[in-house]
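Below is one structure; the comments refer to it alone.
Note that ligands are numbered from 1 as they come in the structure, with each ligand's atoms numbered from 1 the same way.
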Amino acid sequence: MILPIYVYGSSVLKKETEEIDRTYPDLQTFIADMFETMAHSEGIGLAAPQVGKSIRIFVLDASIFAGDKPELENYKKVFINPVIPERAGEKVRYNEGCLSFPKLHEDVYRESRVRVQYFDENFEKHDEWFDGIVARIIQHEYDHLEGKLFVERLSPIRRKLIASKLKRITKGDFSASYKTKL
Ligand code: NI
């Protein structure tokens with residue numbers, strides 16, 4: 001089922017999130033819905049708060065980058081209760097978007113490598129390093145679980161410059177090719 005995506009201004013994007021365990025009701029359905037919603041909106045990552053659930057889970061799909069990086073062919077992953085104990089490498093700049101900010105793209109600096117401890121959809125525990133675009137997506141989505149939005153990582157000047165665009169989103173004055181909610 002395609003779920004509506006909460007956009008900037010929705011309080012759920014700032015709400016504290018809770019860890020879940022394997023008894024979480026209809027978890028596999030929810031995960032399938034997240035993938036379906038992400039594909040429908042042509043996203044590469046989606047965190048639970050963006051579909052109105054204050055729980056610690058996000059999904060990513062980096063398959064679109066397989067042209068440059070064949071190892072990302074059909075690269076889809078689920079992260080449950082993720083923790084980032086370490087980040088490493090240079091801070092790199094990348095033009096990010098976010099489904100909760102329709103049509104807004106801004107350069108954000110983030111570390112190039114990240115270590116993540118998480119559970120997958122079968123509640124198998126993992127402790128792995130990621131780099132490149134996958135590390136980028138993970139850090140963006142992990143921020144959502146912390147109630148932190150990518151515009152909060154911009155310089156104060158840059159934020160000022162896009163303030164009116166941001167205000168328009170909070171008023172529902174935007175267009176998106178997918179279902180949204182405020
Ligand atoms: Ni986002």
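- Of the inter-residue distances, the one linking S100 atom OG with I169 atom CD1 reads 9.0 Å to the nearest 0.5 angstrom.
- Listed by chain and number, the protein N, O or S atoms at a distance under 2.8 Å from the Ni ion (ligand 1) are C98 SG, H140 NE2, H144 NE2.
- Contact check on D127 versus R115 returns a salt bridge, with a Lys/Arg side-chain nitrogen under 4.0 Å from an Asp/Glu carboxylate oxygen.
- Side-chain contact, K76 with S63: no donor N or O sits under 3.5 Å from an acceptor N or O.
- Side chains of E96 and H140: a donor-acceptor N/O pair is present below 3.5 angstrom, by distance only.
- Counting only heavy atoms from C-beta outward, the side chains of L13 and L149 approach each other to under 4.5 Å.
- Judged purely by distance below 3.5 Å, without hydrogens or angles, the side chains of Y118 and K77 pair a donor atom with an acceptor atom.
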